[in-house]
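One structure is given below, encoded as structure tokens.
Residue numbers begin at 1 in each chain, while the letters A, B, ... track the order of the sequences.
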Protein chains: 2
Amino acid sequence: MTPSSASVAHASNNDFYADNEKLYVATDCIVFGFDEGDLKLLIFKRRVEPDSGIWSLIGSFVQLDEDVNDAARRVLKEITGLDEIFLEQSKTYGKADRDPGYRCLSVAHYALIRIDDYDKELVESHGAYWYTLKDLPKLALDHDQMVADALNKLRRKARQQPIGFELLPEKFTIPQLQQLYEAIYQRELDPRNFRKKVLSLKVLVKLEEKDKSGSKRGAFLYRFDAEKYQELLESGYNFEI
Amino acid sequence: MTPSSASVAHASNNDFYADNEKLYVATDCIVFGFDEGDLKLLIFKRRVEPDSGIWSLIGSFVQLDEDVNDAARRVLKEITGLDEIFLEQSKTYGKADRDPGYRCLSVAHYALIRIDDYDKELVESHGAYWYTLKDLPKLALDHDQMVADALNKLRRKARQQPIGFELLPEKFTIPQLQQLYEAIYQRELDPRNFRKKVLSLKVLVKLEEKDKSGSKRGAFLYRFDAEKYQELLESGYNFEI
DNA sequence: TCAAAAAAACGTATTTTGTACGTTTAAAAG
DNA sequence: CTTTTAAACGTACAAAATACGTTTTTTTGA
């Protein structure tokens, strides 16, 4: 029986790929974090030959009995220890010559994690580090392109959904939120207009506490109200930040 | 040598997938067209066993020496005879059990074609037909989901780029263009505001001819000025329809 | 032949949203 | 106890989206 999706008559038996030929499928994860006012990326330096010393994204082969997005979740769990995080497919990279070793295509995913949540020791034990986006080193293969594409996705996504909260701790101040959006959009925003805009969305809950780390005066902490967000979404509300 | 993208230590030799196991990669194309005021989809009825009689998207396996997007172009060329058309990656479908026959993942692409351009005989010879989106039959496997996802992509894309012109003939009237956008967005638009908006983009060239097919009075034909569009794009102009 | 009908084409008013920027307030630091 | 800094609040103007009126062109059929 032929895979039903292959409609154009090519494979009529299960030897479409000859016995000695293989097409590998991997997944690579573009892991974004936010710290000290900067967007960061979790990348990883190979410690063993071949390619020892080359920076690349974290990734893995997709196993034969494994959903592709599960493979991405597995990688993230293995490296960061984190389970339930924002993870979304970005794009598939399928050039025949993208990997000099094998024919291998990669389904890229991007993830957003709260940088204070992850398991530091686990990350370090895998040779992974957080790099500020601006001074990212050259990465292996087409991983630079993957980062650029994922960043674009993140920007578009951030404009339509209050996705940024995935990158901040539970409690955050409005100036912190603004810093994050400035880092994502790579441009400065007017603090007065930003506050007005973000409060008008009505998905922030003001807390009694203040955070004094950012300024003398301190700023009130807020939290994101996911329930209210859901409610408003369902009633057709439009979120643009 | 290990594929460099597989960073998480799994495959250390080229037998990560056992000799008797294979992971197939296919591509499926969601082909949109526009005719008689409706968005249409090119789908195809298998004529041979197995799955004879089941409707599905057009697709093919990705060959071992072939870029994934080239595979999609090849499929389109084979079925429609068309070469240089709008084609973009949509999403990759990678559930382990999505195809009951094999482990096979599919990189979906969506395409926009001018419905009067394609090669009718070639299409029919492959058992493919144009279906109005609204009364699409149930499709094979996860192809229904593919269509839904691609339609969403198309909607987003159409809002940010004057992509709709890909679906119309060279010459078209403003009411026709409006019909197209109404079909894409699935909602009615005010004809006066639509005209104002679309003309304000300054990428339409008014011709001397009129098209009388749509109304008694007839409407002036326009064409899309791709050069001017490029110019404006490069000078940072913002297109939203 | 000419009035009614229909849709194209043009125009105006109102509302909403975005942008620019002034003022007040709270707390720390000299 | 004044100065400094950033948070928090507010106002004015510009641009964009929306709602809807009017004129024009042509066909249809009374």
Side-chain angles (χ1 to χ4, degrees), chain A residues 36-37 155 158-162 168 171-223 232 235-241, chain B residues 36-37 155 158-162 168 171-223 232 235-241:
Chain A
E36 292 166 15
R155 283 192 187 128
R159 198 164 304 170
Q160 295 175 335
Q161 274 180 44
L168 290 172
K171 302 171 182 178
F172 52 86
T173 67
I174 291 184
Q176 279 166 10
L177 185 63
Q178 179 181 342
Q179 272 199 314
L180 170 58
Y181 275 89
E182 289 182 332
I184 292 176
Y185 295 146
Q186 305 269 51
R187 70 182 181 96
E188 298 203 338
L189 303 169
D190 182 286
R192 295 154 293 188
N193 293 336
F194 182 81
R195 173 184 301 272
K196 206 195 310 175
K197 177 77 189 169
V198 87
L199 288 177
S200 77
L201 298 177
K202 300 192 182 298
V203 292
L204 293 189
V205 181
K206 187 175 182 174
L207 306 174
E208 289 307 307
E209 309 165 65
K210 276 194 172 186
D211 173 281
K212 299 253 182 182
S213 65
S215 69
K216 305 171 194 172
R217 179 181 171 182
F220 278 103
L221 287 163
Y222 287 78
R223 67 174 179 80
L232 289 170
S235 60
Y237 202 86
N238 201 24
F239 288 88
E240 290 216 2
I241 299 183
Chain B
E36 290 165 17
R155 284 193 186 126
R159 197 164 304 169
Q160 295 174 339
Q161 274 176 48
L168 290 172
K171 300 171 182 180
F172 53 87
T173 68
I174 290 183
Q176 279 167 8
L177 186 62
Q178 179 181 342
Q179 272 199 312
L180 170 59
Y181 275 90
E182 288 181 333
I184 292 176
Y185 296 145
Q186 305 269 51
R187 70 185 182 93
E188 298 203 338
L189 302 170
D190 182 285
R192 295 155 291 190
N193 293 336
F194 182 82
R195 174 184 301 272
K196 204 195 311 175
K197 175 77 190 171
V198 85
L199 287 177
S200 77
L201 298 178
K202 300 191 182 299
V203 291
L204 294 190
V205 180
K206 188 175 184 175
L207 306 174
E208 289 307 307
E209 308 165 66
K210 274 194 173 186
D211 174 279
K212 299 254 182 183
S213 65
S215 69
K216 307 171 194 171
R217 177 180 172 182
F220 278 104
L221 287 163
Y222 287 78
R223 65 174 180 80
L232 288 170
S235 61
Y237 202 84
N238 202 27
F239 288 87
E240 291 216 1
I241 298 185

Which one of Gln179(B), Gln186(B), Gln178(B) satisfies the side chain to side chain donor-acceptor pair (under 3.5 Å) criterion with Glu182(B)?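 That would be Gln178(B).
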Output the single nucleotide from [options] whose closest atom is nearest the side chain of [X].
X: Pro175(A); options: dA9(C), dA28(C), dA7(D); value: dA7(D)
X: Arg195(A); options: dT4(D), dA7(D), dT19(C); value: dA7(D)
X: Asn193(B); options: dA8(D), dA27(C), dA19(D); value: dA19(D)
X: Lys196(A); options: dA13(C), dA20(C), dA8(C); value: dA20(C)
X: Arg217(A); options: dA7(D), dA27(C), dA19(D); value: dA7(D)
X: Lys210(B); options: dG10(D), dA8(C), dT26(D); value: dT26(D)
X: Lys206(A); options: dT26(D), dC9(D), dC20(D); value: dC9(D)

Take atom NZ of Lys202(A) as the centre, draw a 6.0 Å sphere, and report whether it contains more than 12 heavy atoms from other residues, nucleotides or ligands. no
So, Tyr222(B) versus Phe220(B), ring centres under 6.0 angstrom or not?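 When the ring centroids of Tyr222(B) and Phe220(B) are compared, they turn out to be at least 6.0 Å apart.
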Do Arg159(B) and Phe239(B) meet the cation-pi criteria used here (NZ or CZ under 6.0 Å from the six-membered ring centre, within 45° of the axis)?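 No, Arg159(B) does not lie over the aromatic ring of Phe239(B).
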Any base atoms under 4.0 Å from Gly214(B), or only sugar-phosphate, or nothing? Heavy atoms, all strands. nothing
Identify, between Arg192(A) and Asp190(B), the residue whose nearest nucleotide on DNA chain D lies closer to the 5' end. Arg192(A)
